[in-house]
Q: 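I am attaching a structure below and will ask some questions about it afterwards.
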Amino acid sequence: QVQLVESGGGSAQSGGSLRLSCAASGATSSLDTFTWFRRTPEQGYEGVARLDRNGRTRYADSVSGRFTISLDKAKNTLYLQMNNLAPEDTATYYCAARPARLERRDYGLTPTNYPYWGQGTQVTVSS
């Protein structure tokens, strides 16, 4: 089993920055892919940024160039650095992890086969 705990959400002004953290514990060596998702009542879940065990990243067009996903393996902590925030970035952000045994094809940024999710952290950006 794997547990994920997010932190770092809060409020920011348009153009500001926030860094989200996601601390992983448990069977972390089994994990292959880490992704940050966000959810709003209007949009549902949107994949924001993905990082795999080989260090490859993928970003949604809406955040490319502004957000950076990274992993501190020594601390088992995933990060999402969010710069130049905009009101449309307001959402609940979730980290999710997928073990290698569920990697069957390229799922892109869809929330497919992620058995491990954090509790979510709210990000609110005001103009």
Side-chain angles (χ1 to χ4, degrees):
Q1 275 288 11
V2 173
Q3 294 77 42
L4 303 175
V5 179
E6 297 114 341
S7 60
S11 299
Q13 295 278 348
S14 184
S17 298
L18 286 172
R19 188 177 79 158
L20 306 183
S21 300
C22 173
S25 60
T28 57
S29 62
S30 68
L31 301 176
D32 186 271
T33 300
F34 301 87
T35 300
W36 285 99
F37 293 91
R38 62 187 181 188
R39 183 170 63 94
T40 63
E42 300 80 18
Q43 301 283 346
Y45 281 99
E46 176 190 14
V48 173
R50 191 183 88 177
L51 174 69
D52 69 19
R53 63 167 53 185
N54 296 314
R56 292 174 297 203
T57 58
R58 182 177 296 189
Y59 295 93
D61 290 343
S62 57
V63 307
S64 183
R66 300 188 297 123
F67 290 11
T68 303
I69 188 171
S70 62
L71 177 66
D72 185 329
K73 293 182 180 179
K75 295 182 178 179
N76 281 331
T77 300
L78 183 73
Y79 299 100
L80 185 67
Q81 177 66 44
M82 306 185 294
N83 297 330
N84 195 19
L85 285 162
E88 50 266 36
D89 295 318
T90 295
T92 304
Y93 284 72
Y94 299 85
C95 62
R98 182 167 59 215
R101 60 183 173 83
L102 294 181
E103 295 288 343
R104 300 190 178 118
R105 60 178 177 85
D106 183 359
Y107 297 110
L109 288 170
T110 64
T112 304
N113 282 354
Y114 285 93
Y116 309 119
W117 291 77
Q119 82 284 2
T121 186
Q122 178 67 33
V123 171
T124 303
V125 184
S126 57
S127 56

Q: Would you mind listing every salt bridge (Lys or Arg N to Asp or Glu O under 4.0 Å) that reaches into residues 18-32, with sequence neighbours excluded?
A: Asp32-Arg53
Q: Could I get the full list of side-chain hydrogen bond (donor to acceptor under 3.5 Å, both in side chains) partners for Ser17, not counting sequence neighbours?
A: Asn83
Q: Please report the shortest heavy-atom distance between Gln122 and Ala91, naming the atom on each side.
A: NE2-O, 3.4 Å
Q: Out of curiosity, Thr33 OG1 to Tyr114 OH, how far, rounded to the nearest 0.5 Å?
A: 5.5 Å
Q: Could you report the tightest heavy-atom contact between Ala60 and Gly47, atom names first, then the distance?
A: CB-O, 3.4 Å
Q: Nearest 0.5 angstrom please: Arg39 CZ to Glu42 CD, how far?
A: 11.0 Å
Q: Return each pair, listed once, that meets side-chain hydrogen bond (donor to acceptor under 3.5 Å, both in side chains) where at least one residue sits in residues 20-30; pairs must be two or more places apart or across chains.
A: Gln3-Ser25
Q: Using salt bridge (charged side-chain N to carboxylate O under 4.0 Å, His left out) as the criterion, list what pairs up with Asp106, not counting sequence neighbours.
A: Arg50, Arg58
Q: Among residues at least two apart in sequence or on other chains, which ones pass salt bridge (charged side-chain N to carboxylate O under 4.0 Å, His left out) with Arg98?
A: Glu103
Q: Report yes if some heavy atom in the side chain of Ser11 is under 4.5 Å from a heavy atom in the side chain of Ser126; otherwise report no.
A: no
Q: Are there over 12 heavy-atom neighbours, none belonging to Asp61, within less than 6.0 Å of that residue's CG?
A: no
Q: For Arg56, enumerate each residue passing the salt bridge (charged side-chain N to carboxylate O under 4.0 Å, His left out) test, keeping only those at least two apart in sequence or located in another chain.
A: Asp52
Q: Apart from Trp36 itself, which Ile, Leu, Val, Met, Phe, Trp or Tyr residues share its cluster (side-chain heavy atoms under 4.5 Å, direct or through members)?
A: Val2, Leu4, Leu18, Leu20, Leu31, Phe34, Val48, Leu51, Tyr59, Val63, Phe67, Ile69, Leu71, Leu78, Leu80, Met82, Leu85, Tyr93, Tyr116, Val123, Val125
Q: Going by side-chain hydrogen bond (donor to acceptor under 3.5 Å, both in side chains), name the residues that satisfy it together with Thr110, two or more places apart in sequence or in a different chain.
A: Thr112
Q: Where do Gly118 and Tyr94 come nearest, in terms of heavy atoms and distance?
A: O-CD2, 3.6 Å
Q: With sequence neighbours left out, write down each residue that passes side-chain hydrogen bond (donor to acceptor under 3.5 Å, both in side chains) with Asn113, or none if nothing qualifies.
A: Tyr107
Q: Kindly give the heavy-atom pair with the smallest separation between Ala86 and Ser14, and that separation in Å.
A: CA-OG, 4.3 Å
Q: Applying salt bridge (Lys or Arg N to Asp or Glu O under 4.0 Å), which residue pairs with at least one partner in residues 70-85 are found, sequence neighbours left out?
A: none
Q: Show me the pairs that pass salt bridge (Lys or Arg N to Asp or Glu O under 4.0 Å) and involve residues 82-95, at least two apart or across chains.
A: Arg38-Asp89, Arg66-Asp89
Q: Mind checking salt bridge (charged side-chain N to carboxylate O under 4.0 Å, His left out) for Glu6 and listing every partner two or more places apart, or none if nothing turns up?
A: none
